[in-house]
K.L.:
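My structure is below; once you've seen it, I'll send some questions.
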Amino acid sequence: MSRPSIDYYNDALDALQAGNASEAVAAVENSLTEDPEDTQTWQLYVVILNSLGRTDDAEKAAAKLKKLGLSEADELLLLAAKNASAGNVAAALPHYEAAIALEPHRAEIQTAYALALLHCDDREGGLAAAERAVTLAPDDPQAHYALGRIHRLSGHLEAALTAFTRSLELDPGGTLALYEQGMVLAETGRGREALANFEKFLDAHPGDPAASQAIATIHARMESGS
């Protein structure tokens, strides 16, 4: 992918993971404008369209993807994504595992697998997959984000902070990592630093209720001296 295409792709991932599917569509379409032959972006487009219930458009995007040429692992990823977007993440796991068996060195598969395992409450397995992703692609912000999220939800706050900080170093526009880093800062008593994160997050996502609530909670703690 070209640099602009990668930036738009990362924006689309952030938006999708934040639940902003309409923003994700706009970003992924911008990415495809920059690089219309990129199969990874087309795969993400299929996932997003399915998540919006635009199944006819998703089928057309999948057909385009197949014309570009899919490896067996990529076809498995499409099946995994279809199950996950339908809310059946557990059914996606065998497809991720089969794709990993075919192409064990692809970090993005390990990252997706890690987050799927986390969703299924297998934090230990998710952590191992995220660590493999970071080892395979130390400059991939999504791999560090996944590692940080699993550490945070496992109570490993300093490890989570390290991972989110690295993710943001690699992709300063990564709003999900920014939000999660803010949560860790708040949870470890660094309220002023956390406020800066949430305010910056709100610049990108105005009116987000979770970020607004986090800011209100931090201000209340500061006023009470706790």
K.L.:
Could I get the full list of salt bridge (charged side-chain N to carboxylate O under 4.0 Å, His left out) partners for R132, not counting sequence neighbours?
P.N.:
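Salt bridge (charged side-chain N to carboxylate O under 4.0 Å, His left out) check on R132 returns nothing, list empty.
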
K.L.:
Taking only residues two or more places apart in sequence or in another chain, which ones pass side-chain hydrogen bond (donor to acceptor under 3.5 Å, both in side chains) with E59?
P.N.:
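Once residues adjacent in sequence are excluded, E59 has no partner under the side-chain hydrogen bond (donor to acceptor under 3.5 Å, both in side chains) criterion.
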
K.L.:
Which residue pairs pass the salt bridge (Lys or Arg N to Asp or Glu O under 4.0 Å) test when at least one of the two sits in residues 82-99, sequence neighbours left out?
P.N.:
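Passing the test, one end in residues 82-99: no pairs.
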
K.L.:
Kindly compute the distance separating CE (M183) from CG (L178), expressed to the nearest 0.5 Å.
P.N.:
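M183 atom CE to L178 atom CG measures 12.5 Å (nearest 0.5 Å).
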
K.L.:
Not counting sequence neighbours, which residues clear salt bridge (charged side-chain N to carboxylate O under 4.0 Å, His left out) with E193? List them please.
P.N.:
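Not a single residue meets the salt bridge (charged side-chain N to carboxylate O under 4.0 Å, His left out) criterion with E193.
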
K.L.:
Scan residues 115-130 for pairs that pass salt bridge (Lys or Arg N to Asp or Glu O under 4.0 Å), counting only residues two or more places apart or in two chains.
P.N.:
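Residue pairs passing salt bridge (Lys or Arg N to Asp or Glu O under 4.0 Å), neighbours aside: none found.
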
K.L.:
Would you mind listing the cluster partners of I109? Hydrophobic ones only (ILVMFWY), side-chain contacts under 4.5 Å, chaining allowed.
P.N.:
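Direct or chained contacts put I109 with L77, L93, Y96, I100, Y113, L117.
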
K.L.:
Could you tell me which residues satisfy ring pair (Phe, Tyr, Trp, His ring centres under 6.0 Å) with Y45, sequence neighbours excluded, listed by chain and number?
P.N.:
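Result, ring pair (Phe, Tyr, Trp, His ring centres under 6.0 Å) vs Y45: W42.
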
K.L.:
For E37, what residues pass the salt bridge (charged side-chain N to carboxylate O under 4.0 Å, His left out) criterion, not counting sequence neighbours?
P.N.:
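Listed in chain order: nothing, the list is empty.
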
K.L.:
Got a sec, which pairs hit side chain to side chain donor-acceptor pair (under 3.5 Å) with one end in residues 63-75, sequence neighbours left out?
P.N.:
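Qualifying pairs, neighbours excluded: Q43-D74, S71-D74, S71-E103, D74-R106.
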
K.L.:
Which donor-acceptor pairs under 3.5 Å do side chains of residues 158-165 form with protein atoms, sequence neighbours excluded?
P.N.:
unit_1, atom_1, unit_2, atom_2, d
E158, OE2, R190, NH2, 2.7
T162, OG1, E158, O, 3.1
T165, OG1, L161, O, 2.8
T165, OG1, Q181, NE2, 3.0

K.L.:
Between CD1 of I218 and CG of N197, what distance do you get to the nearest 0.5 Å?
P.N.:
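That separation rounds to 9.0 Å.
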
K.L.:
If only atom types and distance count, is the side chain of S154 paired as donor or acceptor with the main-chain N or O of I150 below 3.5 Å?
P.N.:
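Between the backbone of I150 and the side chain of S154 there is a qualifying donor-acceptor contact (under 3.5 Å).
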
K.L.:
Any chance the side chains of T33 and E29 put a donor and an acceptor closer than 3.5 Å?
P.N.:
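No - no donor-acceptor pair under 3.5 Å links their side chains.
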
K.L.:
Under the rule for salt bridge (charged side-chain N to carboxylate O under 4.0 Å, His left out), what residues qualify as partners of E187, not counting sequence neighbours?
P.N.:
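For E187, the residues satisfying salt bridge (charged side-chain N to carboxylate O under 4.0 Å, His left out) (neighbours in sequence not counted) are R152.
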
K.L.:
Looking only at atom types and distance, does a side-chain atom of H105 sit under 3.5 Å from a main-chain N or O of L136, one as donor and one as acceptor?
P.N.:
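Absent.
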
K.L.:
Can you tell me how far CG of L153 sits from CG of L127, rounded to the nearest 0.5 angstrom?
P.N.:
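So the gap between those two atoms works out to 11.5 Å.
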
K.L.:
Kindly say whether S31 contributes a backbone atom to a donor-acceptor pair with the side chain of D35 at under 3.5 angstrom?
P.N.:
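Such a contact is absent between D35 side chain and S31 backbone.
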
K.L.:
Rounded to the nearest 0.5 Å, how far does OG of S224 lie from NE2 of H219?
P.N.:
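Nearest 0.5 Å value for the NE2-OG distance: 13.0 Å.
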
K.L.:
Could you grab the distance from atom CG of D140 to atom CG of D171, nearest 0.5 Å is fine?
P.N.:
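Taking CG in D140 and CG in D171, the distance rounds to 9.5 Å.
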
K.L.:
Which pairs pass ring pair (Phe, Tyr, Trp, His ring centres under 6.0 Å) with one or both residues in residues 176-214, sequence neighbours excluded?
P.N.:
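Applying ring pair (Phe, Tyr, Trp, His ring centres under 6.0 Å) to every pair that reaches into residues 176-214, excluding sequence neighbours, yields Y179-F198, Y179-F201, F201-H205.
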
K.L.:
Is it possible for you to say whether L68 and L76 belong to one hydrophobic cluster, with membership spreading through side-chain heavy-atom contacts below 4.5 Å?
P.N.:
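In one cluster with L68: L76, no.
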
K.L.:
Rounded to the nearest 0.5 Å, what separates atom CG in D38 from atom CG in L44?
P.N.:
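Spacing of CG (D38) from CG (L44) equals 10.0 Å.
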
